[in-house]
Amino acid sequence: MTRERLYLYDTTLRDGQQTQGVQFSTAEKVQIARALDELGVDYIEGGWPGANPTDSEFFAETPSTRATMTAFGMTKRAGRSAENDEVLAAVTNAGTPAVCLVGKSHDFHVETALGITLDENLENIERSIAHLVAEGREALFDAEHFFDGYKANPGYALACARAALDAGARWVVLCDTNGGTLPSEVGRITAEVIAAGIPGDRLGIHTHNDTENAVANSLAAVEAGARQIQGTLNGLGERCGNANLVSLIGTLRLKEPFASMFELGVADDALPRLTRLSRLLDDILNRVPNKHAAYVGASAFAHKAGLHASAILKDPTTYEHVDPASVGNSRIVPMSNQAGQSNLRKRLVEAGIEVDRDDKRLARILDDIKDREDQGYSYDTAQASFELLARRALGLLPDFFEVKRYRVTVERRKNKRNRMVTLSEAVVVVKIGGEKMMSVSESMDESGNDQGPINALATALAKDLGPYQSYIDDMRLVDFKVRITAGGTEAVTRVIIDSEDSAGRRWSTVGVSPNIVDASFEALLDAITWKLVRDGAPA
Ligand SMILES: CC(=O)SCCNC(=O)CCNC(=O)[C@H](O)C(C)(C)COP(=O)(O)OP(=O)(O)OC[C@H]1O[C@@H](n2cnc3c(N)ncnc32)[C@H](O)[C@@H]1OP(=O)(O)O
Ligand SMILES: CC(=O)C(=O)O
């Protein structure tokens, strides 16, 4: 069976930039465009030239891409020609091979938002698209509010789509601009548009996630016959976001009927880049990746429950809808109070520890984990602390050093310029091989600002560990999360610390105490100990 071509149109750099709190720099836009191009999307909408300096700068130095670089703008305004509309001119002057213009297709918006007649709007659409075609550009028309418009006045919404098509638009894109349309309606309306004479291979779909249905709506339109999907990486976009192209690509490549029906620009060997691409965007945005994101989240293939882990060990397809490696993700079998011995043995093997199936210590470790989780610990994220707990129980944890005492002080005082400042200071005393060593540290960044007591404690602990210092010099604390949680009957503080080293390893440790300093110290100590174990430091 020959597969039909389905086109992917990425609008991360335009609609994605309409996300509250997102503002890409030009360099970041270039980086994202290159990554999208490597993935194999067909169109990259780079932004709106002339709307802001970043977008104008991006189009002044557009990276050369295999994907069709597209500039976005709006149809000309009434009362002037397309040639004389300066907003449209700024868009066409970007010189991109394709241009996508948004225009109204809902009579209410024409009369209320634009304040012009329905005929004037049709003329604006027709003249603007004809102008692009005359300039030799591939023209796309984003029919704004199409679904709401179609429900209110189907004849007018269709007339707008036809005006664009007749003027030479390659694509008419049906937009669910307010994101309130449900999949059954999107499917029905798309089918009716096709039945009214607009061919499916000229129709695109652009959805928003206001009812958490943007991906489902895109798939419904494709099932009804549309052949272009617009979306963004990780579902960025105005308000609740756009259709998530990352999830859509996973589904279109791996799920039936889509996988057999359609050919995409995303090749087989590009699919495993999906997870990395999703994380790249989070890195650029300085966001913590969504662990629960479909296909690419760190928990997308995490098997926490004992029954699941037991079956996964026999055959991963028992609890996985696709192979995690197919999208560049990996399987995790976390330890927690939901775990059984199967999870435990799997985790131990991953840590390089072989234990017989009938080793009595396995049950003790499991009980210990369940007890400690009851006290407030959480081992499904803090895998490094879990490994240390297991090693201790199995007699596989060397005594590297002993902490004799530590102290943290926080002082608020006037500095030499008579300004009130805060100063955190920590003292840590450890005993290594019979020798006591004391480290003192203040917590200040390069500008002299206090970084807080936990930072002071971490710096003091890692300042002088004698023979172990060279093992921990490349360690960095990269994330610190504090949660008040229930420990037995009392509220306690749980601290989770993420650490990283120059080898690119990242590991999480946990500490629990009614006192945040003690909880933090416990997690810090585990972080250092895990590094010493993994790097084979001598006891
Ligand atoms: C559904 C979407 O997401 S479409 C994309 C929306 N994206 C953006 O708006 C981000 C970029 N936009 C901008 O930077 C600015 O809005 C600009 C530079 C484009 C225009 O700025 P301004 O000239 O100051 O206009 P402003 O933003 O206040 O209002 C938009 C104007 O365009 C008109 N307009 C809106 N849509 C259209 C359209 N499809 N065709 C023609 N005119 C339109 C409006 O009626 C309004 O004109 P008015 O002030 O005479 O009533
Ligand atoms: C064009 C667009 O972004 C919308 O209608 O949502």
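In what follows, every heavy atom counts, from backbone to side chain, and hydrogens, waters and symmetry copies are set aside. We count ligands from 1, going down the list as the structure has it; atoms in each ligand are counted the same way. All residue numbers refer to positions in the sequence shown, counting from 1.
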How are the rings of His109 and His106 set relative to one another: parallel (under 30°), tilted (30 to 60°) or perpendicular (over 60°)? tilted

Verify whether one side chain among Asn124 and Thr75 offers a donor that lies under 3.5 Å from an acceptor in the other. no

Which word best sums up how the rings of Trp48 and Phe72 line up, parallel for under 30°, tilted for 30 to 60°, or perpendicular for over 60°? perpendicular

Go through the side-chain N and O atoms of Asn234 and Ser278 and say whether any donor and acceptor fall under 3.5 Å apart. yes

Do Arg253 and Tyr295 meet the cation-pi criteria used here (NZ or CZ under 6.0 Å from the six-membered ring centre, within 45° of the axis)? no

Would you say the side chains of Tyr9 and Glu45 form a donor-acceptor pair under 3.5 Å? yes

Look at the aromatic rings of Phe301 and His321 and report parallel, tilted or perpendicular, splitting at 30° and 60°. parallel

Keeping the roles fixed (side chain from Ser260, backbone from Glu256), state whether a donor-acceptor pair exists under 3.5 Å. no

In order of chain and number, which residues sit within 4.0 Å of ligand 2 by heavy atom? Arg14, Asp15, Val102, Asp142, Glu144, Cys175, Thr177, His206, His208

Any side-chain to backbone donor/acceptor pair from Asp107 onto Ala152? Under 3.5 Å, distance only. no

Measuring from each atom of ligand 1, which residues have a heavy atom under 4.0 Å away? Arg14, Gln18, Trp48, Ala51, Phe72, Met74, Thr75, Lys76, Arg77, Val102, Gly103, Lys104, Ala113, Leu114, Glu144, Thr177

